[in-house]
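Residue numbers start at 1 and run along the sequence shown.
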Amino acid sequence: MNYRRFGHTEFEVSEVGFGAWGIGGAAMAGNIPIGWGATDDTVSKAAILKAYDLGINFFDTADFYGFGKSEALIGETIANKKDAIIATKVGHRLEADGSIVLDYSKNYIMQACEKSLKRLKRNEIDLYQLHSAKLVHLEQGECIEAMERLKEQGKIRYWGISLNTFNPQPEYNFLKKTGLCSSYQLVFNILNQRALSLIQEAENENNAVIARMVLQFGLLSGNMSHERKFEENDHRSFRLSPDFIKSVNTAMKRVWDSAKKKGMNPTELAVSFCLWQRGIATVIPGIKTPAQAQTNASSVKEYDQYLDNLLKNLYDEELHKFTEKMEKMG
């Protein structure tokens with residue numbers, strides 16, 4: 001496993017991190033699935049340990065993943081691994097009627113942090129992130145005040161933001177002026193290159209970038225058939241239609257065939273594409289099983305002229321025409 005400097009912090013993070021949304025298991029907001037279906041906690045814990053043993057030291061979760069379950073599993077498994085860097089998020093909560101509320105008030109963030117600390121079984125959170133906060137929330141100022149207060153109290157080491165999918169530039173521009181935000185998590189993959197200029201800007205300013213959805217719900221793993229049926233409690237059941245899956249597979253086939261000549265499978269290509277951008281500190285593909293931990297941890301390939309050319313050409317492809325369609329899925 002290779003490691004990269006995490007912006008202006010002292011962290012050295014594994015190039016491949018652990019995306020922990022999936023281990024939160026089945027979760028519903030009213031009648032809308034917001035999880036990845038049923039999971040086995042024993043398998044989830046084994047996946048966490050396998051990832052750690054393989055050199056993955058960056059674990060990204062949120063208090064909303066499984067309504068705290070994902071955090072609890074990480075806390076129960078690696079709370080005593082002091083070299084494990086744990087990042088979590090705050091800002092989403094569920095109302096009694098099942099509706100999702102974005103809450104970035106100072107009181108809520110302070111209270112939510114205490115609950116996350118208990119689930120993670122730690123006295124301090126390495127990286128606390130605002131979960132998809134928008135410009136209006138940042139301008140109101142309470143969330144920033146809360147984060148700075150938590151740092152003063154020693155409850156968190158650094159704080160960052162998980163930027164919204166559609167247009168993260170306004171939030172980035174606002175926060176970089178404050179000089180207080182340490183990291184920016186954003187969507188970036190072969191099919192969604194919207195954040196490319198922001199990543200390059202962040203690199204120039206020594207701000208850490210975390211790339212999420214590098215496999216785009218599994219579409220870029222190369223093994224998703226358009227005939228696949230998702231369980232009703234899997235959010236992909238309403239996000240990924242058979243026609244859309246088929247269109248992605250058709251568009252990616254030539255690219256995957258080119259990667260195969262290099263001896264690369266689709267997952268390796270997807271991860272390498274993101275890490276080819278030096279401004280990205282780490283990628284966080286979802287991991288639910290030890291096998292997935294093994295696959296993702298070994299997915300980074302050494303770069304040579306063939307691979308450089310292949311990855312460079314992906315920025316000139318029309319593959320990102322899928323961007324708007326995917327962002328409409330939420």
Side-chain angles (χ1 to χ4, degrees), residues 1 4 6 13-27 34-37 39 43-52 54-66 68-75 77-78 84-90 92 116 120 125-129 131-132 160-163 165 183-192 195 208-221 224 234-236 239 266-268 270-275 280-300 326 330:
M1 180 62 66
R4 298 187 179 191
F6 196 72
V13 299
S14 51
E15 287 185 329
V16 178
F18 189 110
W21 179 11
I23 63 172
I34 56 173
W36 291 73
T39 54
V43 174
S44 296
K45 290 180 180 180
I48 296 169
L49 283 175
K50 181 66 172 179
Y52 177 81
L54 290 168
I56 290 177
N57 73 347
F58 187 82
F59 296 80
D60 180 86
T61 183
D63 61 4
F64 205 60
Y65 296 166
K69 182 177 181 179
S70 176
E71 285 184 329
L73 287 168
I74 289 174
T77 308
I78 56 170
I85 300 166
I86 298 177
T88 191
K89 310 182 195 73
V90 64
H92 291 188
S116 288
L120 293 169
I125 294 170
D126 295 312
L127 179 66
Y128 204 34
Q129 302 164 95
H131 202 168
S132 304
I161 185 171
S162 181
L163 293 160
T165 304
S183 70
Y184 299 85
Q185 183 177 144
L186 45 78
V187 174
F188 185 68
N189 58 53
I190 294 172
L191 297 177
N192 188 340
V209 171
I210 305 163
R212 71 176 185 273
M213 290 173 64
V214 295
L215 296 177
Q216 189 60 56
F217 303 147
L219 285 168
L220 293 173
S221 67
M224 186 179 291
D234 186 329
H235 72 99
R236 293 174 295 180
R239 283 193 165 107
T267 295
E268 291 168 341
V271 171
S272 296
F273 171 80
C274 294
L275 291 174
I280 291 176
T282 184
V283 300
I284 50 171
I287 295 175
K288 294 197 295 181
T289 68
Q292 289 177 349
Q294 179 70 59
T295 297
N296 291 338
S298 59
S299 59
V300 183
M326 291 186 295

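No side-chain heavy atom of Thr77 sits under 4.5 Å from any side-chain heavy atom of Tyr52.
Atom OG1 of Thr88 is separated from atom CD of Glu71 by 3.5 Å, given to the nearest 0.5 angstrom. Interatomic distance, Ile78 CD1 to Asn57 CG, rounded to the nearest 0.5 Å: 9.5 Å. Note that SG of Cys274 is 13.0 Å distant from CD1 of Ile210, once rounded to the nearest 0.5 Å. One distance of note links CZ of Arg239 with CG of Leu219; it measures 12.0 Å at 0.5 Å rounding. Atom-to-atom distance recorded for Leu127:CG and Asp60:CG is 8.0 Å, nearest 0.5 angstrom. How far CD1 of Ile85 is from CD1 of Ile56: 12.5 Å, rounded to the nearest 0.5 Å.
When all heavy atoms of Ser272 and Val300 are compared, the pair lying nearest together is OG-CA, 4.2 Å. Taking every heavy atom of both residues into account, Ile280 and Arg4 meet most closely at O-NH1, 2.7 Å. Nearest approach of Leu220 to Ile190, heavy atoms of both residues: CD1-N, 4.1 Å.
Note on ring orientation: taking the six-membered ring where Trp is involved, the planes of Tyr65 and Trp21 are parallel (angle under 30°, cut-offs 30° and 60°). Ring orientation note: the planes of His235 and Phe217 are nearly perpendicular, at an angle over 60° on the 30°/60° scale.
Side chain of Ser70 to main chain of Gly66: no donor-acceptor pair is present (N/O by atom type, distance under 3.5 Å, no hydrogens or angles). Panel note: side chain His92, backbone His131; a donor-acceptor pair is recorded below 3.5 Å. Side-chain N or O atoms of Thr295 include none that pairs as donor or acceptor with a backbone N or O of Gln292 at under 3.5 Å.
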Carefully, step by step, assess Val90 and Ser116 under the rule side-chain contact (heavy atoms from CB on, under 4.5 Å). CA-CA 9 Å; Val90 64; Ser116 288; over 6 Å; no

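Neither side chain, Gln129 nor Ser162, offers a donor N or O lying under 3.5 Å from an acceptor on the other.
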